[in-house]
Amino acid sequence: MIVYQATKTKFLDDADNRNIEDIVGDAYHRKTGRRIADSEFNAWASSLREMARVLRDPEIPDDTGIGVEFGIPQTAKRIDFVLSGADEVSTPHAIIVELKQWSSSKLSEKDGLIISNRGGRSESEGPHPSYQAWSYAALLNGFNEAVYETGTALQPCAYLHNYRDDGVIRDARYSPYLEKAPTFLKGDEELKKLRDFIKKYVKKGDSGALLYQIENGRIRPSKMLADSLAKMLKGNEEFVLVDDQKVVYETCLARAEQASESRKQVVIVKGGPGTGKSVVAVNLLVALTKRGQVTKYVSKNAAPRAVYAEKLAGQVRKVEVRNMFSGSGGFFETDPNAFDTLVVDEAHRLNAKSGLYGNLGENQVMEIIRSAKCTIFFVDDDQIVTLADIGHTEELKRWASAAGAEITTLELSSQFRCGGSDGYIAWLDNWLGIRDTANTDFDRESFDFRVVDSPVELHDLIREKNKVNNRSRVVAGYCWDWKSKKDPQAYDIVIPESGYQAQWNLGTDGSLWIMADNSIEQVGCIHTCQGLELDYVGVIIGQDMIVRNGQLSSYPAMRSKQDRSIRGYQKRAKHDADIEHCVDRIVRNTYKTLMTRGMKGCFVYCTDTETREAIKSAM
């Protein structure tokens, strides 16, 4: 969707003789049924007049195509300003312009990010304008058939018309993106440079024909992108399918091929920790993309999305690959059947409402099923770890039936994590009180499980294991406040009687903590490791789960007040008799999830002495 489309002549006439922001605002309302926020309306008034000033150059053809607010299909992203035409040899060009009202910014240590006031009341970290413009071009190159099949050359840039060069916005750390998408600033010399940039690629106008083609171009992954994904996956032992994984994979592919708008398919794949749910999910994403299907890997947790996107992406295609990984909260506005297939990992973590304040949409399960002809859910009911998690198997079936979908239920049972030890999983379920299994012990030769007497010893063991291949980490129950988030010098997990202190995973590592080079010193939590695996995991069990008189009980009040997983449970308990049982199960599920991240071993330290001794005697 392009909100406003015209030629240069018409755009300048609208800017000179009418309020261009009103024209764009009315067009936006007609096309979306919504009114724009005042802040964005005011930004249009300023930036579009500045673009009119840029275009008042007789060497820019009068019939150059102009597009304002070009929505990139199947994303929430909009390109501020696009110009279309051709160069001297008639190669079609589209110039992408990211417009900003900024007048200052601050450096960020993270790649491609910068700190600035983005229309809110306070500064925030986000993409550098050059990175933003370049990433939009990359998405169109990767997914818009009209772009990659017509040989259209996309030329991204940014225009910060209120910003005088202060050495920050063009700092050397942003050079890789400034080279791909130059940033133009305030001043007559900068204005001339932007005009020259446009005239270099648009020698002849096209009356907006190219913009029309792009707007109506079929959305499907390019062959180059599909081939890149397949190449990254091929030969990677981490993603090889074995045993029942291959059976589930082939069945899911068959259902995806059968699916249509009139014959929706829902596949529910059940599997416990280490059965390969994510391995199958990533393989399906690549295979379906190779077949030309419009598909995405969906997960509420950011960590699995970031890690698997990083592993699949080569340097050239990183932006396009990341676009194929999506959170679960963006489908409430998606058109029905917009996707061929959605592959939903960690489906048990789906919520009802979406948005930062939980006030958007109706039900994520329903919205995801509605958005695709085929939906493949990977679920483990024993990994529901917050009160907001609703994606249990019966809920998935209920909404699939309501949508009139054909339902296929599959199961992954072969255990590839925890040394392939089904006995360890059964023993853990029994000890945690998740289910009675009568497994009072397990084969110690197949899985290295230890209970240690000191968190210092625990961390030392994990450091030593991590030297091999950077695949070992310490995690903990969320029983300590994240003080270091605001104070980088502060320690979070402090156990004074043992002389132990550590920080939660660094904000700079983001969702890639589990694979970041220097993150062995930090401690992860359920939110940064669920859905992922390690060789060895060290688990600190806090005071939210302890043994008294031989009975293992949960004490949710001992969790950090910053943890949102069970927030509000005490208030809800006044009118919901089942809530205490739910919270108890969440605590137990959390530790099961933490204690099943290791492929080869799990080392445990309990802050409570009686609990520590109880685990030892339980084996």
Side-chain angles (χ1 to χ4, degrees), residues 71-77 112 127 131-132 134-145 147-148 217-234 236 238-239 249 252-253 256 259 267 277-331 333-335 337-347 349-350 364 367-368 371-378 510-512 515 531-532:
I72 302 176
Q74 295 172 353
T75 75
K77 308 177 192 304
Y131 178 92
Q132 207 168 347
W134 167 72
S135 68
Y136 293 165
L139 290 180
L140 290 177
N141 270 322
F143 296 96
N144 192 295
E145 196 172 61
V147 172
Y148 60 74
R218 191 158 63 133
I219 305 304
R220 56 178 298 187
S222 69
K223 184 178 184 301
M224 187 181 297
L225 173 60
D227 289 346
S228 295
L229 281 173
K231 183 179 179 181
M232 294 299 291
L233 200 63
K234 187 177 181 180
N236 189 331
E238 187 175 349
F239 294 104
Y249 167 79
C252 289
L253 287 180
V267 183
K277 298 186 296 297
S278 296
V279 171
V280 179
V282 172
N283 272 277
L284 285 170
L285 174 72
V286 174
L288 292 168
T289 301
K290 184 74 173 172
R291 296 184 181 195
Q293 286 208 12
V294 180
T295 185
K296 282 195 176 187
Y297 171 107
V298 180
S299 171
K300 180 182 184 295
N301 276 15
R305 301 198 307 267
V307 168
Y308 291 127
E310 187 75 12
K311 289 180 178 181
L312 282 182
Q315 289 301 311
V316 178
R317 311 223 65 90
K318 189 169 288 189
V319 172
E320 298 102 303
V321 171
R322 284 177 179 168
N323 187 62
M324 302 177 72
F325 289 78
S326 168
S328 59
F331 294 93
E333 291 183 319
T334 303
D335 292 334
N337 303 307
F339 293 89
D340 294 312
T341 303
L342 290 174
V343 180
V344 187
D345 204 1
E346 304 289 314
R349 295 299 318 278
L350 295 175
Q364 289 182 359
E367 291 154 2
I368 288 170
S371 299
K373 298 165 192 169
C374 177
T375 310
I376 302 170
F377 292 107
F378 292 86
S511 297
L512 295 175
M515 62 188 297
L532 300 167

Student: Taking all non-hydrogen atoms of both residues into account, name the closest pair between A259 and C374 and its distance.
Tutor: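 Of all heavy-atom pairs spanning A259 and C374, the closest is CB-CB, 3.7 Å.
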
Student: Might you point out which heavy atoms bring S326 and K296 nearest each other, and give the distance in Å?
Tutor: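 Where S326 meets K296 most closely, the heavy atoms are CB-CD, 3.8 Å.
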
Student: Can you say whether the rings of F331 and F339 are parallel (under 30°), tilted (30 to 60°) or perpendicular (over 60°)?
Tutor: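 Perpendicular, since the angle between the ring planes exceeds 60°.
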
Student: What is the distance from atom CG of D340 to atom OG1 of T375, rounded to the nearest 0.5 Å?
Tutor: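 Going from the CG atom of D340 to the OG1 atom of T375 covers 11.0 Å.
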
Student: Identify the heavy atoms of M324 and T289 that sit nearest to each other, and give their distance.
Tutor: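 For M324 and T289, the tightest heavy-atom pair comes out as CE-OG1, 2.9 Å.
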
Student: State, yes or no, whether a side-chain contact exists between V321 and E310 at a heavy-atom distance under 4.5 Å.
Tutor: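 When only atoms from C-beta onward are counted, E310 and V321 do not touch, as no gap falls below 4.5 Å.
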
Student: I would like to know whether V343 and F378 meet side chain to side chain contact (heavy atoms under 4.5 Å, CB included); could you show each step before the answer?
Tutor: CA-CA 8 Å; V343 180; F378 292 86; 3.8 Å; yes

Student: Looking only at heavy atoms, which two atoms of G531 and P304 are closest? And how far apart?
Tutor: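 In terms of heavy atoms, the two residues are closest at CA-CG, 4.2 Å.
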
Student: What's the spacing between I376 CD1 and T295 OG1 if we round to 0.5 Å?
Tutor: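 Taking CD1 in I376 and OG1 in T295, the distance rounds to 7.0 Å.
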
Student: To the closest 0.5 Å, what do you measure between SG (C252) and CG (L288)?
Tutor: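 Interatomic distance, C252 SG to L288 CG, rounded to 0.5 Å: 9.0 Å.
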
Student: Can you check side chain to side chain contact (heavy atoms under 4.5 Å, CB included) on F143 and I72, steps first, answer last?
Tutor: CA-CA 10 Å; F143 296 96; I72 302 176; over 6 Å; no

Student: If you compare all heavy atoms of Q364 against all heavy atoms of S328, which two are closest, and at what distance to 0.1 Å?
Tutor: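 The answer is OE1-OG, 2.9 Å.
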
Student: Compare all side-chain heavy atoms of F239 with those of V286 and state whether any distance is below 4.5 angstrom.
Tutor: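 Side chain of F239 against side chain of V286, heavy atoms only: no contact under 4.5 Å found.
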
Student: Can you tell if the side chain of V279 reaches within under 4.5 Å of the side chain of Y249, non-hydrogen atoms only?
Tutor: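 No, every pair of side-chain atoms sits at 4.5 Å or beyond.
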
Student: Which atom names give the shortest non-hydrogen contact between G112 and Y131, and what distance separates them?
Tutor: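 Scanning both residues completely, I find the closest heavy atoms to be O-CB, 3.9 Å.
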
Student: Would you give the length of the straight line joining atom OG of S299 to atom CG of D345, rounded to the nearest 0.5 angstrom?
Tutor: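 With rounding to 0.5 Å, OG (S299) is 6.0 Å from CG (D345).
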
Student: Rounded to the nearest 0.5 Å, what's the gap from CD1 on I368 to CG on L350? Could you check?
Tutor: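 Output value for this atom pair is 5.0 Å.
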
Student: Taking R305 for the side chain and R322 for the main chain, is one N or O donor matched with an acceptor at less than 3.5 Å?
Tutor: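 Checked: no pair found.
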
Student: Determine, step by step, whether T334 and E367 satisfy the side chain to side chain contact (heavy atoms under 4.5 Å, CB included) criterion, reporting the C-alpha distance in whole Å, the side-chain angles of both residues, the deciding distance to 0.1 Å, and the verdict.
Tutor: CA-CA 8 Å; T334 303; E367 291 154 2; over 6 Å; no

Student: To the nearest 0.5 Å, what is the distance between CZ (R291) and OG1 (T341)?
Tutor: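 Reported value, rounded in 0.5 Å steps: 10.0 Å.
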
